[in-house]
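To keep things clear, I will list the structure first and then write my remarks on it.
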Amino acid sequence: MPSLKRALPAAVLMSFSMPVMAQDMFRDSQLPGARLAPLPLGGTHQVTSGSAFNPDISVIVDTVYFNEFSGHVDDPAGFEAGHDHGHGGHDHGHDLDEGFNLREIELAFSASVDNYFDAFVMLALDEHDIEVEEAYATTRNLPAGLQIKAGKFLSDIGYINSQHPHDWAFVDRPLVNEFLFGDHGLQETGVQLTWMPATQTYTRFGIELLQGETSGIANYEGSKGSINGQRRILKDSSGPRLVTAFAKFGPDLGFDHAAQFGISGGYASTFQKSDEHSTRHEDWDGTAWFAGLDGVYKYDAGRSFGHGDWTLQGEYFYREIDVDRRDVNFEADGNGPAGFVRNEQSFKNKQDGLYLQAIHGIAPRWQAGFRAEALGLTNDIGRGDGESFGTSYRYAGNVTFRPTEFSMLRGQVNRSDFATEDGDDGDGWSFMLQFQMALGVHGAHEF
């Protein structure tokens, strides 16, 4: 009997520890904002509604006051901005109107599907549209440091591309990211495979197989039939049409210092574009590729609420588009009848850009930032007779105040000095006042 009494506490302890151990199996979520509640102790291990697998939900509201108070800044020479959402604006990427803007509402869901997959969904809403920004699943238990992501997601090329607007240190996206990859960055549907080897320092390699529809690097039109019996140059091309690869390294710099360096690139087997002019279509069809470098350094001063901290960040990307051009009349004009083909040409566009920025914690909860950008250091446009446009520059300074981790107020001034195709003055000043608030669960940001 005494031995039985001694065995009972151990048995009871084991019965309670087994669910705790099972719960720990599901805590290692890598999703943004994912944080699982404990599984109920005792009873069955079966996962049902009301368990830890109900999704965490967060809402982030992003509002911006915008004023272009000196000059009107068009797109930089040789570049075209990404698509808009049906209303005007000049902030090159999020289409801000003069005055007050509800720029975006991000509605995010994250959870563990089971012991094999995590899931993440983010919807972006504004006053005009609802868009699925990301919707993907990631594996949890692949061996040897491997992980698969599948669905729609922001590519991990570079540094800022995988971040949502509320993660940015400035109100707007860097010019190089917007004009080389589109106003949402490289955002695609496909699959990603990453490998994190068991090394003493952070090392991560990845490859992505993507559908290929991003406007800047893998623009796709497909066949749109014929014009008066004349087939267009553009034809349907099945995906995937874009492959990217990246590598990231994080050396050990001690307790107060951290850094990450990256290299990335990609190849689009199809780059198509169609512009409608008064009586004709101008069609491009070819390929494109890009390559880039990125680096981030962070210093933790060890003081309260980020006071004294530093973040230095920069990226460079080069893009080359190699296409065949053909103009097709859809109406008769002085050059020929409807269906007439003219201006056939093969050419390359070579363009690049970079940015450097610094953020400093000037006081508890207060940050000051400065960013310098250059777009088109190489800006050779082969279309027509070929042109080499000048470099466009932009400078930004801001001050950010974070009363708590759930709200943020930021004022920013931009100075643009853009090269223009018609020789007009490309200088201008703009001011932005941004307010963000976060509701619900929101996990720590990645490095």
Side-chain angles (χ1 to χ4, degrees), residues 75-83 92-93 153-158 160-162 173-192 206-224 232-246 262-275 281-294 315-326 344-354 375-384 386-389 392:
D75 292 340
F79 294 88
E80 295 181 356
H83 71 274
H92 305 293
F153 52 86
L154 292 165
S155 169
D156 276 328
I157 63 156
I160 201 174
N161 190 84
S162 61
R173 183 188 300 274
L175 292 173
V176 62
N177 190 268
E178 175 190 341
F179 282 95
L180 265 63
F181 300 114
D183 65 342
H184 289 283
L186 188 52
Q187 179 190 50
E188 288 275 355
T189 301
V191 60
Q192 177 195 86
I207 185 169
E208 298 168 335
L209 198 59
L210 307 171
Q211 184 68 4
E213 296 176 333
T214 299
S215 60
I217 192 63
N219 199 65
Y220 178 68
E221 298 283 346
S223 173
K224 295 182 178 178
R232 302 269 302 280
I233 187 175
L234 302 181
K235 298 179 181 179
D236 291 331
S237 176
S238 60
R241 297 178 289 266
L242 175 62
V243 58
T244 69
F246 57 86
I263 182 171
S264 55
Y267 174 79
S269 61
T270 301
F271 183 95
Q272 297 179 338
K273 179 181 172 184
S274 182
D275 286 334
H281 280 283
E282 179 182 329
D283 293 338
W284 298 7
D285 192 12
T287 61
W289 66 271
F290 72 91
L293 300 169
D294 60 272
E315 297 185 70
Y316 170 84
F317 280 100
Y318 173 88
R319 176 188 68 180
E320 186 170 302
I321 299 171
D322 186 357
V323 295
D324 297 321
R325 169 196 175 193
R326 185 174 76 169
E344 293 184 276
Q345 180 189 18
S346 297
F347 65 89
K348 293 182 181 180
N349 287 351
K350 302 175 182 180
Q351 298 167 304
D352 65 353
L354 61 81
L375 185 67
L377 298 163
T378 299
N379 196 8
D380 296 330
I381 307 301
R383 179 183 177 276
E387 286 190 80
S388 293
F389 294 107
S392 295

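For clarity, every value in this text was computed on a predicted model and none was experimentally measured. All heavy atoms count here, side chains included; hydrogens, waters and symmetry mates do not.
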Output all residues satisfying salt bridge (charged side-chain N to carboxylate O under 4.0 Å, His left out) with Arg319, sequence neighbours left out; order by chain, then residue number. none
Tell me every residue that passes salt bridge (charged side-chain N to carboxylate O under 4.0 Å, His left out) with Asp352, counting only those two or more places apart in sequence or in another chain. none
Where do [X] and [Y] come nearest, in terms of heavy atoms and distance?
{"X": "Asp294", "Y": "Gly158", "value": "OD1-CA, 3.4 Å"}
{"X": "Glu213", "Y": "Arg241", "value": "CG-NH2, 3.5 Å"}
{"X": "Gly212", "Y": "Leu242", "value": "CA-CB, 3.8 Å"}
{"X": "Ser274", "Y": "Asp283", "value": "OG-OD1, 2.9 Å"}
{"X": "Ala268", "Y": "Ile217", "value": "CB-O, 3.4 Å"}
{"X": "Gln187", "Y": "Thr214", "value": "O-OG1, 3.7 Å"}

Any donor-acceptor N/O pair, [X] side chain to [Y] backbone, under 3.5 Å:
{"X": "Asn161", "Y": "Leu186", "value": "yes"}
{"X": "Gln211", "Y": "Thr189", "value": "no"}
{"X": "Glu282", "Y": "Arg325", "value": "no"}
{"X": "Glu315", "Y": "Ile160", "value": "yes"}

Find out whether [X] and [Y] are in side-chain contact, i.e. whether some heavy atom of one side chain is under 4.5 Å from a heavy atom of the other.
{"X": "Phe79", "Y": "Leu175", "answer": "no"}
{"X": "Asp380", "Y": "Ser388", "answer": "yes"}
{"X": "Val176", "Y": "Leu354", "answer": "no"}
{"X": "Leu180", "Y": "Leu375", "answer": "yes"}

Can you measure from [atom1] ([X]) to [atom2] ([Y]) and round to the nearest 0.5 angstrom?
{"X": "His184", "Y": "Leu154", "atom1": "NE2", "atom2": "CG", "result": "9.5 Å"}
{"X": "Asn349", "Y": "Thr378", "atom1": "CG", "atom2": "OG1", "result": "12.5 Å"}
{"X": "Phe317", "Y": "Ser264", "atom1": "CZ", "atom2": "OG", "result": "4.0 Å"}
{"X": "Thr287", "Y": "Asp322", "atom1": "OG1", "atom2": "CG", "result": "5.0 Å"}
{"X": "Ser215", "Y": "Phe271", "atom1": "OG", "atom2": "CZ", "result": "8.0 Å"}

Please lay out, stage by stage, how Glu208 and Phe153 fare under the test side chain to side chain contact (heavy atoms under 4.5 Å, CB included). CA-CA 11 Å; Glu208 298 168 335; Phe153 52 86; 3.9 Å; yes
Does the side chain to side chain contact (heavy atoms under 4.5 Å, CB included) test come out yes or no for Leu209 and Val191, once each step is laid out? CA-CA 5 Å; Leu209 198 59; Val191 60; 4.0 Å; yes
Modelled atom types, side-chain donor and acceptor of Ser155 and Glu188, under 3.5 Å: no
Can you find a side-chain donor-acceptor pair between Gln192 and Asp156 that sits under 3.5 Å? yes
Given the rule in the ring pair (Phe, Tyr, Trp, His ring centres under 6.0 Å) test, do Trp284 and Phe347 qualify, once you have shown the distances and angles that lead to the verdict? CA-CA 10 Å; Trp284 298 7; Phe347 65 89; 5.0 Å; yes
Atom NZ of Lys350: over 12 foreign heavy atoms under 6.0 Å: no
Looking at Lys273 and Asp275, is there a salt bridge between them, counting it only when a charged N and a carboxylate O are closer than 4.0 Å? yes
Is the Trp289 ring parallel, tilted or perpendicular to the Tyr318 ring (thresholds 30°, 60°)? tilted
